[in-house]
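Structure first, then comments.
Chain naming here is simple, since letters A, B, ... match the order of the sequence lines and numbering starts at 1 in each.
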Number of protein chains: 2
Amino acid sequence: MDTRERLIESTRELLWERGYVGTSPKAIQARSGAGQGSMYHHFHGKPDLALAAISRSAEELRDRAETAFAGSGTVVERVAAYLRLERDALKGCPVGRLTQDPDVMADPDLRAPIAEVFAWLTGRLAGLLAEGRTSGELDDKLDPAATAAALVAALQGGYVLARAAGSAEVYAQAIDGALGLLACHAR
Amino acid sequence: MDTRERLIESTRELLWERGYVGTSPKAIQARSGAGQGSMYHHFHGKPDLALAAISRSAEELRDRAETAFAGSGTVVERVAAYLRLERDALKGCPVGRLTQDPDVMADPDLRAPIAEVFAWLTGRLAGLLAEGRTSGELDDKLDPAATAAALVAALQGGYVLARAAGSAEVYAQAIDGALGLLACHAR
DNA sequence: GTCTATACACGGATAGAC
DNA sequence: GTCTATCCGTGTATAGAC
């Protein structure tokens, strides 16, 4: 892995662990093993490097989700496959957590990949649910867009509960609960 | 409002807007109108002041929730009343957002009030749902604990989606979706 | 109780040598 | 490309005067 790559990966880790405000150039340099000069040679500064890191994390999130959504099985099975992907509940979502970062939200460039991937995710999920309704797998009372938002929110909120409790168990419960509620709409 | 009080309230606002890592003593002093000396006279330092602020925010969250839960109506109505309390979706949850703060999570004192209030909240909600099941208002397939976790998570995650999108609409959708799913279990 | 002065490390970056 | 030197403001306090 070359220096530029190590800088991006180290930044991704640090943004995940400490957020944007909590991540200093010095910490990035220490973790990546790159010097001051190196970092500013490859990137214009902290925001530039963060943009590369955030974009990649958003892309990864999308790819993982699409893999689950595009799998085989019924709609409910594919939604469940996505919600049950392996995740470290205590670490939180590497993308979602950045929505709490004031400096990220204040910078339209940094914010864009986050806005985009969540819009895509809820839209994709809503499409799946609509498909399930059309095929008769899900009943007509289910609102695809609202339900998609609720499911993604339950996932993101599951992280919050897990971190608050210091235990991954609540996360699993939230996912179970969300799927249990969804199951009720299956025919 | 005396100086001590202004310090706590200003800290609550700043923690809400910028988190713990993003909030400096200097910013607190500026917002509260208190001087350096004043702040360190009333509190031992940033963590001490933050503890007072976080505890109060947690308490406020609990009181608002309890008011909704203890209201009149069916269980589903009271849960809906809680989920539909007026909130500024774009600001996020003043307590939940702190779970993303590495320095808060690393300090057991700061973390305790957050852990406590979320444990109480999910427990209280689970109790209500169990009550609804016993009374026959909700069907037996509903798992009270898991459903309670999912509902609280949907709320917390709704904030994440709203901030990502820069719009409160997704928050409302997530809440609607969560209640729509719950409605399905009502007899 | 509040103010000013002082301290020292860190955040975030630029400049220029190699 | 990478390193070292340097810069200035901020973060987080402590000390002592009023």
Side-chain angles (χ1 to χ4, degrees), chain A residues 1-56 97-98 100-111, chain B residues 1-56 97-98 100-111:
Chain A
M1 199 157 53
D2 66 5
T3 300
R4 191 189 149 82
E5 197 57 23
R6 286 201 324 273
L7 280 164
I8 297 178
E9 288 302 315
S10 298
T11 302
R12 295 216 299 147
E13 292 171 19
L14 284 164
L15 288 181
W16 197 355
E17 293 166 19
R18 305 200 35 90
Y20 183 82
V21 168
T23 295
S24 68
K26 189 173 291 202
I28 295 170
Q29 293 151 27
R31 181 162 310 199
S32 65
Q36 190 93 330
S38 256
M39 180 185 137
Y40 284 100
H41 170 74
H42 290 289
F43 297 95
H44 292 152
K46 180 176 162 177
D48 186 32
L49 177 46
L51 177 58
I54 294 173
S55 300
R56 183 175 296 181
R97 77 148 294 153
L98 297 171
Q100 302 303 320
D101 218 301
D103 292 3
V104 170
M105 290 297 102
D107 181 334
D109 291 339
L110 295 182
R111 184 190 187 143
Chain B
M1 198 158 53
D2 66 5
T3 301
R4 192 189 149 83
E5 197 56 24
R6 285 201 325 272
L7 281 164
I8 296 179
E9 287 302 315
S10 298
T11 302
R12 295 215 302 146
E13 293 171 18
L14 283 164
L15 288 181
W16 196 356
E17 293 166 19
R18 306 202 33 91
Y20 183 82
V21 168
T23 296
S24 69
K26 188 172 293 202
I28 295 170
Q29 291 152 28
R31 181 161 311 199
S32 65
Q36 191 92 332
S38 256
M39 179 185 140
Y40 284 100
H41 170 74
H42 291 288
F43 297 94
H44 292 152
K46 180 176 161 177
D48 186 32
L49 177 46
L51 178 57
I54 293 173
S55 300
R56 182 175 296 181
R97 76 147 296 151
L98 297 171
Q100 302 303 319
D101 218 299
D103 291 3
V104 169
M105 290 296 102
D107 182 334
D109 291 339
L110 295 182
R111 184 189 185 142

Measuring from A:I28:CD1 to A:L49:CG, what's the distance to the nearest 0.5 Å? 5.0 Å
On DNA chain C, check which nucleotide each of A:S24 and A:G37 is closest to and give me the residue with the more 5' one. A:S24
So if I take residues 4-22 of chain B and measure heavy-atom distances to DNA chain C, which residues fall below 4.0 Å? none
Distance-minimising heavy-atom pair for A:T23 and A:K46: O-NZ, 2.8 Å
Side-chain donor or acceptor of B:R97 paired with backbone N/O of A:Q100 under 3.5 Å: yes
Straight-line distance of B:L98 CG to B:D103 CG, nearest 0.5 Å: 11.5 Å
Can you tell me if A:R6 uses its side chain to pair, donor with acceptor, with the backbone of A:S32 under 3.5 Å? yes
Take the protein atom NZ of B:K26 and the nucleotide atom C1' of C:dT6, then report the distance between them rounded to whole Å. 13 Å
Interatomic distance where CZ belongs to A:F43 and C1' belongs to D:dG1 [whole Å]: 14 Å
Indicate, with a heavy-atom threshold strictly under 4.0 Å, whether A:G35 touches base, sugar-phosphate, or nothing. sugar-phosphate
Considering only heavy atoms, which members of residues 45-55 of chain B lie under 4.0 Å from some atom of DNA chain C? none
pair B:F43-B:L51: side-chain heavy atoms closer than 4.5 Å: no
Tell me whether the OP1 or OP2 atom of D:dA13 has a side-chain N or O from B:H44 closer than 4.0 Å. no
Atom CE of A:M39 and atom C1' of C:dT14 are separated, to the nearest Å, by 13 Å
Rounded to the Å, how far apart are B:H41 NE2 and C:dT4 C1'? 17 Å
Quick one: is D:dG1 close enough that its OP1 or OP2 comes under 4.0 Å of any side-chain N or O from A:T3? no
Rounded to the nearest 0.5 Å, what separates atom CD1 in A:I8 from atom OG1 in A:T3? 11.5 Å
OH of B:Y40 versus P of D:dG11: gap in Å, rounded? 11 Å
Salt-bridged, A:E9 to A:R12, with N to O below 4.0 Å? yes
Could you work out which one of C:dT14, D:dT10, C:dT4 sits closest to the side chain of B:Q36? C:dT4
Figure out the CD/P separation between B:Q29 and D:dG11, and round it to whole Å. 10 Å
B:T11 side, atom OG1; B:M39 side, atom CE - distance, nearest 0.5 Å: 7.0 Å
